[in-house]
Amino acid sequence: MSKVLVSDPIDQVGVDILSQVATVDVKTGLKPEELIEIIGEYDALMIRSGTRVTQEIIEAGTQLKIIGRAGVGVDNVDVPAATRKGIVVVNSPEGNTIAAAEHALAMMLSLSRHIPDANASVKSGEWDRKTFVGAEVYKKTLGIVGLGKIGSHVAAVAKAMGMKLLAYDPFISTERAEQIGCQLVELDLLLQQADYITLHIPKTPETTHLINTERLSKMKPSARIINCARGGIIDEEALAVAIKEGKISGAALDVFEKEPIGESSLKALGKEVVLTPHLGASTTEAQVNVAIDVAEQIRDVLLGLPARSAVNIPGLNPDVIEELKPYMQLAETLGNLVGQLAGGRVELLNIRLQGELATNRSQPLVVASLKGLLYKALRERVNYVNASIEAKERGIRVIETRDAAVQDYAGSLHLEATGSLGTHAVTGALLGDGEIRLTNLDGFPINVPPSQHMLFTLHRDMPGIIGKLGSLLGSFNVNIASMQVGRKIVRGDAVMVLSLDDPLPDGILSEITKVPGIRDAYTVTL
Ligand SMILES: NC(=O)c1ccc[n+]([C@@H]2O[C@H](COP(=O)([O-])OP(=O)(O)OC[C@H]3O[C@@H](n4cnc5c(N)ncnc54)[C@H](O)[C@@H]3O)[C@@H](O)[C@H]2O)c1
Ligand SMILES: O=C(O)CC[C@@H](O)C(=O)O
């Protein structure tokens, strides 16, 4: 019989489901070294946010087939390490949406009406009605950063409370935002105009310290900020200073850079700060939802069935996946690449299946293209199962065409993304050994393998331009691994594709476009 380790507290209903197919050990509060010592015995690990599943733990889990996260965020699991070892990572993308949204709203009202401090005051024997005069949220502006599942529910309730709604989410269409009753604006405008700001975004390299000293200084002195998303999206030291100096009025935080919080200058502040110990998902209902959702998936995978919310491995029919796997990887790479080239919000994705591929089943390739396209916005939380629905919710229109007459390669895939910043297209194919080749960029023929750090330029084909770009990158200590020019005519428009050993430092793109002859430059990280 299989063995499952549950290393964080989960609802009993989850344990009962797992017990249908496995021996279940519930051992919470294990130290990392204790977990490493025992994990080798188990086929599955079920966690919440308390257990950090590091590469070391994954390496020690020699029998592990699946890691189940009873919640949304998988940032406490080293997903790439699990993927490399063929371990499925599943989560519960929706089980605690309502709980987290309601917690954010409760935090907003607690902050406005000083409920935690007023409660403490009454319990300490006082009857102080002057200190705790609050503010109404009615007719105030709520700025929602991240209009996904939780952000949308917050919007619906806040609207019913009579609030005016602004939203910032570069991956959501204006139409979708309007349907939810929000006006989509740039982040700076939201920060300047909102009375309350609530964060509902994943923690990614782009969102780490998104709210820093500079952005705090853009807010109204009366503004209050709520973070029930992930610790580290707000720079906590900068926040404490901004509140102390009266730059903003207050903050309510459920999540912290370090959990448990430990020493923090936020703890010394008074009624203008409300802190809870990561309770967003802690409702009876949410814990039942996520326990069922994840335990059922662990049970299914242990029985050899696909998982429905796999974060890293497709939940499509295994036979189809096996056959199309290399092309799905191609589609995902091209989707990721064209999404980054197109920049902000993509409204339309044209997917053309060419050559032999034109006769194939297209649905897995469309799904894989969308998964790649949405990776920038959703990171590990977009998967083959939810990519289509996530794209639909973001108002991304998908057009699928076939052209069997294109015979450059046995089969190739052409993706064209149109967004708020323009249109970009990329074509790719597989070589005989299954290696991916980028074969066309914005209409210019190229022949390059994708690499982790890439730079693309649109420029005029003229003497000296390559040297100037090389020297500029050198002056920023960026090493070029390979470089190729694609052009249609000599001394006409051309593209340059560079594979770099290092990521491009901030600010260098604007320097590149100052090089005479270079019109545009784009950086892509795959
Ligand atoms: N406190 C808790 O206990 C608790 C509970 C559940 C979820 N969460 C966290 O809440 C957050 C939101 O969860 P969700 O289920 O709504 O996720 P979601 O994927 O449905 O929505 C996230 C939204 O953020 C947007 N986004 C991504 N990068 C962005 C950026 N740089 N700027 C602005 N928007 C950006 C995406 O387009 C998406 O619409 C996650 O971080 C999740 O881990 C916390
Ligand atoms: O497990 C929890 O209590 C927190 C879960 C929450 O942060 C999530 O991302 O789903």
Side-chain angles (χ1 to χ4, degrees), residues 2 4-6 10 14 17-18 21-22 42-49 51 53 55 57-58 61 63-97 148-149 202 289-329 331-333 335-336 361 363-393:
S2 301
V4 181
L5 175 64
V6 177
I10 64 156
I17 292 169
L18 295 170
V21 295
Y42 293 95
D43 302 276
L45 173 64
M46 183 156 169
I47 57 164
R48 276 174 64 189
S49 55
T51 305
V53 189
Q55 178 166 356
I57 290 168
I58 289 168
Q63 307 295 318
L64 273 185
K65 295 174 189 63
I66 177 165
I67 298 167
R69 161 72 163 102
V72 185
V74 286
D75 43 321
N76 54 332
V77 180
D78 187 334
V79 178
T83 306
R84 280 196 298 277
K85 289 205 63 188
I87 299 168
V88 187
V89 181
V90 300
N91 70 349
S92 171
E94 289 176 12
N96 58 28
T97 299
K149 290 181 283 296
N289 290 344
V290 296
I292 294 177
D293 205 358
V294 171
E296 282 183 351
Q297 295 188 71
I298 294 179
R299 178 196 63 195
D300 290 354
V301 167
L302 293 179
L303 291 174
L305 301 168
R308 62 175 172 266
S309 294
V311 161
N312 59 345
I313 293 179
L316 300 170
N317 176 332
D319 294 342
V320 175
I321 289 162
E322 207 41 51
E323 193 190 316
L324 279 180
K325 216 185 246 168
Y327 279 110
M328 287 174 75
Q329 203 143 24
E332 202 173 319
T333 305
N336 190 350
R361 275 193 57 179
Q363 184 250 3
L365 300 180
V366 172
V367 170
S369 305
L370 289 172
K371 178 173 183 270
L373 186 80
L374 291 172
Y375 182 75
K376 190 163 187 280
L378 301 177
R379 300 275 149 174
E380 284 72 23
R381 277 166 315 122
V382 60
N383 59 38
Y384 290 101
V385 180
N386 65 9
S388 302
I389 191 152
E390 292 283 355
K392 202 166 165 200
E393 282 182 357

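Please read these numbers as outputs of a predicted model, since none were measured by experiment.
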Approximate separation, where rounding is to 0.5 Å, of L374 CG and R379 CZ: 12.0 Å
Among I58, V90, I298, the one residue meeting side-chain contact (heavy atoms from CB on, under 4.5 Å) with I67: I58
Non-hydrogen atoms of Y42 and V4 that approach each other most closely: CD2-C, 3.5 Å
Verdict with reasoning, M328 to L365, per side-chain contact (heavy atoms from CB on, under 4.5 Å): CA-CA 5 Å; M328 287 174 75; L365 300 180; 4.0 Å; yes
CD (E393) with more than 12 external heavy atoms under 6.0 Å: yes
Nearest heavy-atom neighbours spanning A310 and V88: CB-CG1, 3.8 Å
Distance, nearest 0.5 Å, that separates CG of D293 from CG of N91: 8.0 Å
N/O donor-acceptor pair under 3.5 Å between Q297 side chain and S309 backbone: yes
Rounded distance (nearest 0.5 Å) linking atom CZ of R48 with atom OG of S92: 11.5 Å
Non-hydrogen atoms of R69 and N76 that approach each other most closely: NE-OD1, 3.5 Å
Euclidean distance, L18 CG relative to R299 CZ, rounded to 0.5 Å: 9.0 Å
Over all atoms of both residues, closest heavy-atom pair of A22 and L302: CB-CD1, 4.3 Å
P93 versus K149, closest heavy-atom pair with distance: O-CE, 3.0 Å
Point-to-point distance, once rounded to the nearest 0.5 Å, from CG of L378 to CD of E390: 5.0 Å
Intermediate values then yes/no, side-chain contact (heavy atoms from CB on, under 4.5 Å), V311 and V77: CA-CA 11 Å; V311 161; V77 180; over 6 Å; no
Shortest non-hydrogen contact from V301 toward A307: CG2-CB, 3.7 Å
Between CG on residue N96 and CG on residue N289, distance to nearest 0.5 Å: 8.5 Å
